[in-house]
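Working notes, beginning with the structure itself.
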Amino acid sequence: MGNATPDASRKPATAARIYDYFLGGVHNFPADQEAARAMLTSAPAMLPIARVNRAFLRRAVSCLTEAGVRQFLDIGSGIPTAGNVHEIAQRAVPDARVVYVDIDPVAVAESLELLEGNRWATAIRADLRTPRTIVDHPQVRKLIDFSQPVALLLVGVLYFVPDDAEAYAAVAELTGACAPGSYLVVSHSTIDEKAYDPDALRSTQDVYKRQTATPLTVRTRDGIRRFFDGFELLEPGLVWQPEWRPEPTDPEHFRDEPERSRMLAAVGRLP
Ligand code: SAM
C-alpha cells in the first residue's frame with residue numbers, strides 16, 4: 001500500500017499521513033496504516049469525518065474567493081489530495097496567493113512537488129505553536145502581503161495543540177498580523193455533549209498519543225468560539241461541520257445527524 005519503501009517501514013506514524021489514509025490517499029506508510037486501522041476499530045466514523053472536514057474546507061475557500069480574498073495561509077494543510085486550496089482559489093482567481101504550512105516534512109515535500117511551476121503558491125515546514133516563524137518566514141513574506149486581507153485557514157489542526165495557552169496565543173499572534181477584512185476559518189473536534197462518544201474518543205486519543213508526536217485534544221463549543229474573539233462570524237455561525245453552507249455535491253455523511261460529524265466549524269471576519 002502507498003509508496004512505502006524499506007526505509008518507510010521505520011517511520012513513525014504522523015497525523016498528516018493518517019489523515020491521508022482516511023481520505024484514501026497513497027502517501028502513507030505502514031506505521032500510519034496501522035495507527036489508522038487501530039483508530040477505525042473503535043471509531044469507524046473517522047473516515048466520513050475526514051471527508052466531511054475536507055468538504056467544509058472546499059466550501060469555505062470558495063466562499064472566501066467569492067468574497068474577494070486573494071491570499072490564503074493554510075496552516076496544518078496536510079498532504080495534497082482532492083480539492084486543494086490553491087486549486088479552488090486559483091480556478092476562480094489565477095493569481096491567488098496560497099502558502100501551505102505543515103509540521104510534517106512529507107506533507108511539505110508532496111505539496112512542493114505538486115506546486116512546481118506555480119509561482120503564486122508554495123509550502124513551508126513550520127510549527128503552528130511558533131507563529132512568528134510562520135509570519136516572518138521569507139517564503140510567506142514573498143507571497144502574502146499582510147497589509148491586505150488574508151484568509152487564515154486552521155482546518156482540522158488546532159486539536160493537535162492540546163495546551164490551551166499555546167493554542168490561543170498562537171491564533172492571537174497569527175490573527176494579530178492580519179489586516180482588517182481578513183478571515184479566520186476553523187474546524188475543531190468537540191466534546192459538546194451530543195457529539196461525545198467517550199470510548200471512541202479515548203481510543204483515538206490513545207493512538208495519537210502512543211503512535212504519533214501530535215496528541216489530540218477536544219474543546220467545548222465555547223472553547224472553539226474563543227478562537228474567534230474579535231471576529232464577526234459569517235452566517236450560519238459556529239455549527240456542526242455539515243451544516244456550514246451545505247452544497248448538493250457534499251458527501252452524504254451525517255446529513256440527518258450533523259452532530260455525528262463531531263466537528264464544529266466557522267468562518268469569521270476581522271472588522
Ligand atoms: N487542513 C487539512 C484539512 O483540513 O484537510 C489537513 C488536516 S490534518 C487532519 C492535520 C494536519 O495538521 C496534519 O497535516 C498535521 O501534520 C498538521 N499539524 C499538526 N500539528 C501541527 C502543528 N503544530 N503545526 C503545523 N501543522 C501541524
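Positions are given from 1, in the same order as the sequence printed here. Read the numbers this way: they start at 1 and go in the same order the structure lists the ligands and their atoms.
Residue-environment remark: CG (Asp199) exceeds the threshold of 12 foreign heavy atoms within 6.0 Å.
In summary, Arg129 and Asp163 do not engage in a salt bridge, as defined by a charged side-chain N under 4.0 Å from a carboxylate O.
Side chains of Asn53 and Tyr19: a donor on one and an acceptor on the other come within 3.5 Å.
Protein residues with a heavy atom under 4.0 Å from ligand 1 are Ala16, Tyr19, Asn53, Arg54, Gly76, Ser77, Gly78, Asp102, Ile103, Asp104, Ala126, Asp127, Leu128, Arg129, Val155, Gly156, Val157, Tyr159, Phe160, Thr214.
Taking the six-membered ring where tryptophan is involved, the planes of Phe160 and Tyr208 are perpendicular, since the angle between them exceeds 60° and thus also 30°.
Exactly one of Gln90, Arg58, Arg54 qualifies for a side-chain contact (heavy atoms from CB on, under 4.5 Å) with Asn84. That residue is Arg54.
Expressed to the nearest 0.5 Å, how far CG of Leu264 lies from CZ of Arg219 amounts to 12.5 Å.
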